[in-house]
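Remember, it's a predicted structure, so these values are computed and weren't measured experimentally. Residues: numbered from 1 along the sequence shown.
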Amino acid sequence: MPQRDFRSRALAFATEILALNRRLWGQKERFGGVLNQLVRAGTGIGANIEEAQVANSRREMAAKYAIALREARETLYWLELMSSDPMVGQSLAPLIKEANEWVAMLTATVKKLRS
């Protein structure tokens with residue numbers, strides 16, 4: 001995937017996470033803590049990809065992408081946890097699919113950079 005598309009896709013994903021946060025914020029007592037964690041992890045993917053763009057070495061770039069991978073895995077966890085709630089249910093399926101794709105893409109990127 002071209003780097004520009006990678007970055008714009010990360011931004012779009014973060015925007016969707018923030019939109020979910022706004023939609024569910026009225027249920028703060030039910031989801032507040034999980035939403036906070038989800039927003040931090042979901043927006044952290046793109047932030048670390050941006051950091052990787054200005055890395056001083058391939059090793060540093062791999063480290064930043066590895067952090068983005070950890071954020072993607074954490075995002076996936078929080079989304080799956082929230083989807084187990086009957087109020088949310090399958091409405092998170094598109095975000096879960098995208099988070100799974102981020103895990104796959106970032107896993108491949110980190111492996112390539114480390115080889």
Inset, instruction - Might you point out which heavy atoms bring Leu113 and Arg58 nearest each other, and give the distance in Å? - result: O-NE, 3.0 Å
Inset, instruction - Working to the nearest 0.5 Å, report the span between CD1 of Ile45 and CZ of Arg9. - result: 10.5 Å
Inset, instruction - Give me the one residue out of Asn100, Leu79, Leu76 that meets side chain to side chain contact (heavy atoms under 4.5 Å, CB included) with Leu95. - result: Leu79
Legend entry - Euclidean distance, Leu11 CG relative to Glu50 CD, rounded to 0.5 Å: 8.5 Å
Inset, instruction - Determine whether Met87 and Leu38 fall in the same hydrophobic cluster, where Ile, Leu, Val, Met, Phe, Trp and Tyr are linked whenever their side-chain heavy atoms lie under 4.5 Å apart. - result: yes
Inset, instruction - Flag the pair Glu98 / Glu101 as yes when at least one side-chain heavy-atom distance between them is below 4.5 Å, and no otherwise. - result: yes
Inset, instruction - Could you tell me whether a side-chain N or O of Glu51 sits under 3.5 Å from a main-chain N or O of Ala47, the two making a donor and an acceptor? - result: no
Inset, instruction - Hey, could you give me the NZ/OH distance between Lys112 and Tyr65, rounded to the nearest 0.5 Å? - result: 10.5 Å
Legend entry - Contact summary for Ala62 and Arg114, nearest pair of heavy atoms: CB-CG, 4.1 Å
Inset, instruction - Report yes if the side chains of Phe13 and Thr43 come closer than 4.5 Å at any heavy-atom pair, otherwise no. - result: no
Legend entry - Salt bridge Arg40-Glu71, side-chain N to carboxylate O under 4.0 Å: no
Legend entry - Heavy-atom pair of closest approach, residues Ala10 and Ile49: CB-CD1, 4.1 Å
Extract all donor-acceptor atom pairs below 3.5 Å that involve side chains of residues 16-26 and protein atoms in other chains or at least two apart in sequence.
none

Legend entry - Any Trp78 side-chain heavy atom under 4.5 Å of Leu35 side chain: no
Legend entry - Atom of Ala72, atom of Leu106 and distance for their closest heavy-atom approach: CB-CD1, 4.0 Å
Legend entry - Minimum-distance pair of heavy atoms, taken over all atoms of Ser83 and Val88: CA-CG1, 4.4 Å
Legend entry - Centroid-centroid distance, Trp102 to Phe6, less than 6.0 Å: yes
Legend entry - Euclidean distance, Leu69 CG relative to Met105 CE, rounded to 0.5 Å: 11.0 Å
Legend entry - Shortest non-hydrogen separation from Met82 to Leu92 and the atoms involved: CB-CD1, 3.7 Å
Legend entry - Contacts of Ser57 that satisfy side chain to side chain contact (heavy atoms under 4.5 Å, CB included) - sequence neighbours left out: Arg59, Glu60
